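One structure is given below, encoded as C-alpha cells.
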Amino acid sequence: MLRLTRSALAISGRASATLHVARQCHQGTGVQGANFHKKYGFLLLGSGAAFCSAVWFYACTQTGISWNLSPIGKVTPKEWRQ
C-alpha cells in the first residue's frame, strides 16, 4: 500500500509539497527540544518516580494481596503410602 501511495503522490505532484511541509515542521526542533528538557526534564522524572512509588506502595499495603514470599514452614510433605 505504501508503494501505491508514493507513486500516486509522485504522479500528482503532491509528494514534493508533502516533503516540504514535513521539513518545515522539523526545523528548529533541536533547540526547542533541548529547552523543553532543560525546563521540564527533572520535573517529569520526579513526578513519574513519585507516581510509580505511590502505586507500588498502595499495591503492597492496601490491596490485601498475599505475596507468598517463602513456602518454608508452610508446606509439609504427606506420609508415603505403600
Side-chain angles (χ1 to χ4, degrees):
M1 186 67 185
L2 188 60
R3 287 184 189 171
L4 181 63
T5 307
R6 279 187 187 165
S7 62
L9 286 175
I11 291 171
S12 67
R14 292 194 41 127
S16 61
T18 305
L19 289 174
H20 181 69
V21 170
R23 282 191 206 111
Q24 279 185 338
C25 289
H26 290 97
Q27 287 178 348
T29 56
V31 175
Q32 292 171 349
N35 290 340
F36 176 81
H37 290 296
K38 188 175 181 180
K39 190 173 183 181
Y40 299 111
F42 186 71
L43 178 68
L44 287 173
L45 180 66
S47 62
F51 178 76
C52 183
S53 300
V55 168
W56 273 106
F57 179 77
Y58 176 80
C60 291
T61 59
Q62 302 296 317
T63 56
I65 295 174
S66 176
W67 293 98
N68 297 326
L69 296 177
S70 175
I72 297 174
K74 297 177 185 173
V75 178
T76 56
K78 294 182 179 179
E79 291 294 324
W80 183 260
R81 291 184 293 163
Q82 293 204 19

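Values below: all heavy atoms of this structure, side chains included; hydrogens, waters and symmetry mates excluded. All figures in this text were calculated on a predicted structure; none of them were measured in a lab.
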Inset, instruction - Following the transitive rule for hydrophobic clusters with a side-chain heavy-atom cut-off under 4.5 Å over Ile, Leu, Val, Met, Phe, Trp and Tyr, establish whether Leu43 and Phe36 coincide in one cluster. - result: yes
Inset, instruction - Rounded to the nearest 0.5 Å, what's the gap from OG on Ser53 to CZ on Phe51? Could you check? - result: 10.5 Å
Inset, instruction - Working to the nearest 0.5 Å, report the span between OG of Ser47 and OH of Tyr40. - result: 12.5 Å
